[in-house]
Amino acid sequence: MKYILYKVIRTLGYPIFLLLYRPQFVGRENIPNEGGVILAGNHTNNLDAAIMLAGPKRVVHMLAKKELFKSKISNRFFRSMGCIPVDRSIHDENAKSEAVSVLENGEVIGIFPEGTVNRTDKIILPFKYGAVSFAKKTNSYIVPFTITGKYKLFRRSIKITYGKPYKVKDDLEKENNKLMNIISDMLKKEKNSEKRK
């Protein structure tokens with residue numbers, strides 16, 4: 001069975017993750033049930049990959065830094081989980097090609113366009129062009145998402161919100177700015193909502 005390790009780990013790990021962090025999932029119905037989809041959003045913590053995998057019902061192929069694939073064991077594990085290694089020091093053509101193939105096969109990719117965890121006071125870091133580039137090449141939907149709150153054990157304090165799906169129609173610079181603005185606006189809305197509580 002395809003992605004059997006992914007499905008086993010998600011089946012076993014999902015209830016544990018829910019118990020430990022009690023995440024809120026909002027707008028999961030915005031993720032198309034079929035066809036190529038790119039989940040793109042902000043990056044707040046190393047645990048973000050876990051909440052990304054826990055949310056959708058579909059298998060999510062995460063783009064992950066190549067350092068995670070160094071040993072034979074870790075390489076086999078992350079590969080079995082559907083992860084795609086990316087060399088962040090270069091324009092990694094192998095990673096791009098693999099991501100495009102996944103999307104053309106009608107599957108889902110998860111990507112953090114900031115490229116790293118945002119440890120600054122800025123609401124969002126400048127986006128790299130991968131998400132919009134993949135979307136344009138494959139005519140896939142982009143589903144923007146935001147992760148807000150903190151990962152606190154046994155506290156309902158972390159939330160992932162999925163926005164409406166859309167397709168890339170313009171040049172990459174405009175589309176990248178559009179994606180940044182959508183996610184930035186979603187983050188501001190979430191933070192304002194928290195302040196009113």
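All figures in this text were calculated on a predicted structure; none of them were measured in a lab. Residue numbers start at 1 and run along the sequence shown. Below, each value reflects all heavy atoms present in this structure, side chains not excepted, and no hydrogens, waters or symmetry copies.
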Going by the angle between their ring planes, with limits at 30° and 60°, are Phe112 and His43 parallel, tilted or perpendicular?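 Parallel, since the angle between the ring planes stays under 30°.
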Check: [Y] main-chain N/O paired with [X] side-chain donor or acceptor under 3.5 Å:
X	Y	result
Asn176	Phe127	yes
Arg10	Lys57	no
Arg28	Tyr162	no
Thr161	Thr146	no
Asn42	Ile147	yes
Asp48	Asn45	yes

Spatial distance of atom [atom1] ([X]) from atom [atom2] ([Y]) [nearest 0.5 Å]:
X	Y	atom1	atom2	result
Ile109	Leu63	CD1	CG	5.5 Å
Ser97	Ile84	OG	CD1	10.0 Å
Glu107	Ser101	CD	OG	10.0 Å
Leu53	Tyr6	CG	OH	4.5 Å

Please name the pair of heavy atoms, one in [X] and one in [Y], separated by the smallest distance, quoted to 0.1 Å.
X	Y	result
Cys83	Pro85	O-CD, 3.9 Å
Gly163	Val143	O-CG1, 3.5 Å
Val37	Leu103	O-CD2, 3.5 Å
Ile124	Ile183	CD1-CG2, 3.5 Å
Thr44	Val117	O-CG1, 3.4 Å

Is any side-chain heavy atom of Pro165 closer than 4.5 Å to one of Ile142?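 In short, these two side chains do not touch, never coming nearer than 4.5 Å.
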Could you walk me through whether Lys7 and Val59 pass the side-chain contact (heavy atoms from CB on, under 4.5 Å) check? CA-CA 8 Å; Lys7 291 172 182 177; Val59 172; 4.3 Å; yes
Pairs meeting criterion side-chain hydrogen bond (donor to acceptor under 3.5 Å, both in side chains) with involvement of residues 122-144, two or more places apart: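 Found Thr138-Ser140.
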Under the side-chain contact (heavy atoms from CB on, under 4.5 Å) criterion, do Ile9 and Phe77 qualify, and how do the steps go? CA-CA 11 Å; Ile9 289 178; Phe77 172 78; 3.3 Å; yes
Does any pair with a residue in residues 70-81 pass salt bridge (Lys or Arg N to Asp or Glu O under 4.0 Å), and if so which ones, sequence neighbours excluded?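 Residue pairs passing salt bridge (Lys or Arg N to Asp or Glu O under 4.0 Å), neighbours aside: Arg79-Glu98.
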